Structure formats: structure tokens, C-alpha cells
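In this text the structure is predicted, and so the values were computed from the model without any measurement.
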Amino acid sequence: MKSTIKTVSLLLLGASLQVLAVPYQLTTVAEDLNYAWSLAFLPDNSMLVTERTGNIKQFTAKGELIAEVSPALPELYVAAQGGLLEVLLPDGADKTPLVLLSYVCGDASANTLCLASGRWQQQQLTDIRQIFKAKPYRQGAAHYGGRMVQLPDSSILLTLGDGFDYREQAQNPANHLGKIVRLNPDGSIPADNPFVLQAGYAPEIYSLGHRNVQGIVWDNTQQLIYSHEHGPRGGDELNIIQPGNNYGWPVATRGIDYTGARISPFRHYPGMVEPIWHWSPSIAPAGMTLYQGSLFSDWQGDLFITALAGKALHHLNIENGKVVSEQLLLTGLNSRLRDVRTGPDGALYILTDGASGELLRLTPAQQTGG
């Protein structure tokens, strides 16, 4: 592993603009990752890393490669933004941990987001079965969502993009495009979903009016769900998700089309929830973690968001469910950052995006005497 101590300039965005210098240690844990997309920690503190091209790699805490597998996911479709996406290990698993994988299934003419379950044992994924398939099929290979989080009742939230060319469908309650859905770990529908008995609504829907949610976390202290999503040109959002709410896309947005055309005259609209934070120009937010680790005492309860276009790790200081300041880290890497997780050791683990990606560990700089 390569380890370097850096001094990062943190640009604070809030009531005042300041530049701080904070020392930290950045360690390269693993290299040569092929479009790594997500990261999860097994009970023995080893890590599973998904590659969008269809592979799962298991690394020890020191970065040694234990296993590399290409699971036989039903109908896996790899193209552009499509492929193997999120890996989640739900709590309460036994000695052979349950693994949930979001991935794109289908082909170029008809594809969608699917969810599969399996068991990780002896460095293999076994008992693979598809437990959810978003409806309807669509063409293209963009805006799938694919992030997951487990809630305290063991249910799973799964994010679903609007399909890029189908943005109006984010307001159609009969399908899954541009929605967050709530499922049980076996793929069944919880009986208390907000629209489960409402005619004309897909019963899996938890919230609607989303563009492309690429980060979602549960804050157990504040009892809040945070999610972020890509805007078009401008208008990336951070939201607090509540069941049954409509988050506005594409009726209300701060962004414009990539052509420069106006998408909507409304930034806010009655009955639709406004974001608690937004970015214009777009940063293309990707992963997100809520920090509750042991190494950075000043960061407790804060959000960390990786940015693709923004090429930075965004630290949002959170107080009572509100963003009070924003800091930019890792700008010197000049790398697209795909995912960030809090490790069991209290470090932040970051995946860079690309054909030769890296897994990085961020820890406080070791102090030396003098």
C-alpha cells in the first residue's frame, strides 16, 4: 500500500468563505479497479468491491486480493452507465452473509434496474436469485439509480433513475422510473408502504419525483433519510426523504437541459418538497456516507459525498438536519470519485472512477514528535 501525508485546503462554503489547512493521511489500499462502483464491509472487516463491468473483488483490510468473481446475475447488461452497481450486506445476516446486488438487466432495446440476492461463502456468491425488476423496460443506458440503504425495520430502500429520456415518468405513480422503492430483503413489498393500497400507484413506491439518486443514507441519531441526486445542467440536490413525498422532478428544478433549454419555469411547486441543499453548476454527486466513526471526532453526524464532475469529496457539516457549511477535500487528486464509505476502523474509504481506479483510505495524519 502507498501511504502519503497531505495537507488539504478545505474550501468552506456557508455564511463565510474560509480556507483551512488540515493534515491527513491518504493510503492507496487497492489499484487497477475497472470502474469500481460500490463498497461493503464483511463481518471480518474484509471488503467487497463491485466493478460495473460485472466483477466482485474481495480485499483484506490491508488491501490484499482474496477473491475475484463474476457472479451469474440473471440478464446482466453492461453498457455506458449500466452494469453491476451497488452491493449491500443487510444487518442480521448469519455466518454466510446475505448480499444484495443492484444491477442493470436486459439488453440494448429493453433494459431496467434489477435487484438480486445471494450468499457470500468461501469467496463465492451462491444462491443467486433475482428478487425485483423495475418496470417498465426502457431503451438507452443511463440514469438507473441503483443505491440502497437498510432501515431500522430491516426494509431496504432502492433508488431508481428516470431513464434520462423518460423524465416525465418520474411523476407517473404507476411505474418505477424516477422513484425510491421500499422492499423487504427477500424482495416482497412491505404492507405499510405509503401507496400500497392506493389505486394507480406501484405498491413498491416510497417517494417519487427523482431524477437519478446516486446516494442514500440513514441517520439513526436524527431518524432521517438523506439522499442526493443528479440535476441536469445545475440543480443537483440533497433531500430529506419521507414516505409518500414528491421531490419535484421534472416539474420543479434549478437545472436546465444540456441543450440550454429550460426544463421548467418552476424552482418550487405546491405539494413538492424542496431540497435542503443544492449545487449549481453540477458536481455530479455519486456515493455518500454519514460519518459516525471513531477517528474524526469533529465529523460526527456529517455527510461526505463523492463527486464525479466535481472531482472532490464534499464534506457537509450537518446540524439538526440542516447543512451549515460545505468543505471540499481531495481536490488535488483531480479524479472522478465514485463512492465513499465509513469503515469499521473509523477511516473513510473512497473509490475513484475509471478503468484503472483505486480504493483509498483517509485517516488523520500521524503526529510526530519534535
Side-chain angles (χ1 to χ4, degrees), residues 11-17 81 142-147 159-173 177-180 206-217 224-242 244-288 302-328 331 336-338:
L11 180 64
L12 269 66
L13 307 174
S16 60
L17 184 64
Q81 297 177 12
H143 288 199
Y144 293 103
R147 292 294 185 187
T159 73
L160 299 160
D162 68 352
F164 189 77
D165 289 326
Y166 307 88
R167 64 192 183 201
E168 292 80 8
Q169 294 301 311
Q171 292 295 323
N172 183 350
L177 290 169
K179 314 299 192 300
I180 295 175
Y206 193 76
S207 63
L208 65 158
H210 301 287
R211 187 171 184 266
N212 193 25
V213 176
Q214 293 263 290
I216 188 165
V217 298
L224 295 174
I225 301 163
Y226 294 99
S227 79
H228 64 60
E229 61 187 85
H230 291 226
R233 279 177 55 185
D236 297 346
E237 296 182 357
L238 177 70
N239 289 293
I240 292 177
I241 302 300
Q242 293 182 332
N245 277 356
N246 187 328
Y247 290 84
W249 176 256
V251 176
T253 178
R254 288 174 169 81
I256 60 174
D257 204 343
Y258 295 113
T259 63
R262 186 170 68 174
I263 293 171
S264 171
F266 304 109
R267 289 192 171 188
H268 49 84
Y269 196 82
M272 296 180 177
V273 181
E274 293 190 59
I276 65 167
W277 198 251
H278 60 90
W279 294 271
S280 291
S282 296
I283 64 168
M288 178 165 58
D302 290 350
L303 294 173
F304 288 83
I305 296 170
T306 44
L308 296 167
K311 296 183 178 181
L313 179 65
H314 290 245
H315 170 203
L316 301 185
N317 182 260
I318 304 292
E319 293 182 7
N320 299 317
K322 296 181 179 180
V323 180
V324 296
S325 65
E326 180 175 14
Q327 306 167 352
L328 305 185
T331 55
R336 289 166 54 91
L337 304 182
R338 171 59 70 181

Verify side-chain contact (heavy atoms from CB on, under 4.5 Å) between Leu303 and Trp277, making sure each step is shown before the conclusion. CA-CA 12 Å; Leu303 294 173; Trp277 198 251; over 6 Å; no
Output the distance between atom CD1 (Ile216) and atom CD1 (Ile241), rounded to the nearest 0.5 Å. 6.0 Å
What pair of heavy atoms forms the shortest contact from Ile256 to Ala261, and how long is it? CB-O, 3.6 Å
Distance check, rounded to the nearest 0.5 Å: Ile283 atom CD1 versus Leu337 atom CG? 10.5 Å
To the closest 0.5 Å, what do you measure between CG (Asn317) and CG (Asp302)? 4.5 Å
Minimum heavy-atom separation for Ser264 to Ala252, with atom names? OG-N, 4.3 Å
Got a donor-acceptor contact below 3.5 angstrom from the Glu229 side chain to the Arg211 backbone? yes
Would you find a donor on one side and an acceptor on the other, under 3.5 Å apart, between the side chain of Ser282 and the backbone of Arg233? no
His314 vs Met288, side-chain contact (heavy atoms from CB on, under 4.5 Å): CA-CA, chis, key distance, verdict: CA-CA 9 Å; His314 290 245; Met288 178 165 58; over 6 Å; no
Which residue is it: Thr159, Val217, Val213, Leu238? I am looking for the one with a side-chain contact (heavy atoms from CB on, under 4.5 Å) to Ser227. Val213
Check the orientation of Phe164 and His143. Use parallel for under 30°, tilted for 30 to 60°, and perpendicular for over 60°. perpendicular
For residues Asn212 and Gly161, report the shortest heavy-atom separation together with the two atoms involved. OD1-CA, 3.9 Å
Nearest non-hydrogen partners of Gly235 and Ser280, listed with the distance: N-OG, 2.9 Å
Which atom pair, heavy atoms only, marks the closest approach of Gly321 to Ile240? O-CD1, 3.6 Å
Gap between atom CG of Leu208 and atom CG of Asn172 - 0.5 Å precision: 9.5 Å
May I have the step-by-step check of side-chain contact (heavy atoms from CB on, under 4.5 Å) for Tyr226 and Ile318, ending in yes or no? CA-CA 11 Å; Tyr226 294 99; Ile318 304 292; 3.4 Å; yes
Main-chain N/O of Leu177 paired with Lys179 side-chain donor or acceptor, under 3.5 Å: yes
For Tyr166, does the OH atom sit with more than 12 other heavy atoms under 6.0 Å from it, leaving out its own atoms? yes
Kindly determine whether Arg338 and Leu308 satisfy side-chain contact (heavy atoms from CB on, under 4.5 Å), including the steps that lead there. CA-CA 6 Å; Arg338 171 59 70 181; Leu308 296 167; 3.7 Å; yes
Can you tell if the side chain of Gln242 reaches within under 4.5 Å of the side chain of Tyr247, non-hydrogen atoms only? yes
Spacing of Trp249 atom CH2 and Glu237 atom CD [to the nearest 0.5 Å]: 9.0 Å
Taken to the nearest 0.5 Å, the spacing of Gln169 CD from Leu160 CG works out to 13.5 Å
On a heavy-atom basis, which atom in His210 and which in Ala170 lie closest, and how many Å separate them? O-CB, 3.5 Å
Parallel, tilted or perpendicular, as decided by the 30° and 60° cut-offs, for the rings of His315 and Phe304: parallel
Give a yes or no on whether the backbone of Gly287 and the side-chain of Thr306 come within a donor-acceptor separation of less than 3.5 Å. yes
Give a yes or no on whether the backbone of His278 and the side-chain of Asp236 come within a donor-acceptor separation of less than 3.5 Å. no
Can you find a heavy atom in the side chain of Arg147 that is under 4.5 Å from one in the side chain of His228? no
Indicate yes or no for a side-chain donor-acceptor contact from Arg267 to the backbone of Arg254 under 3.5 Å, with no hydrogens or angles considered. no
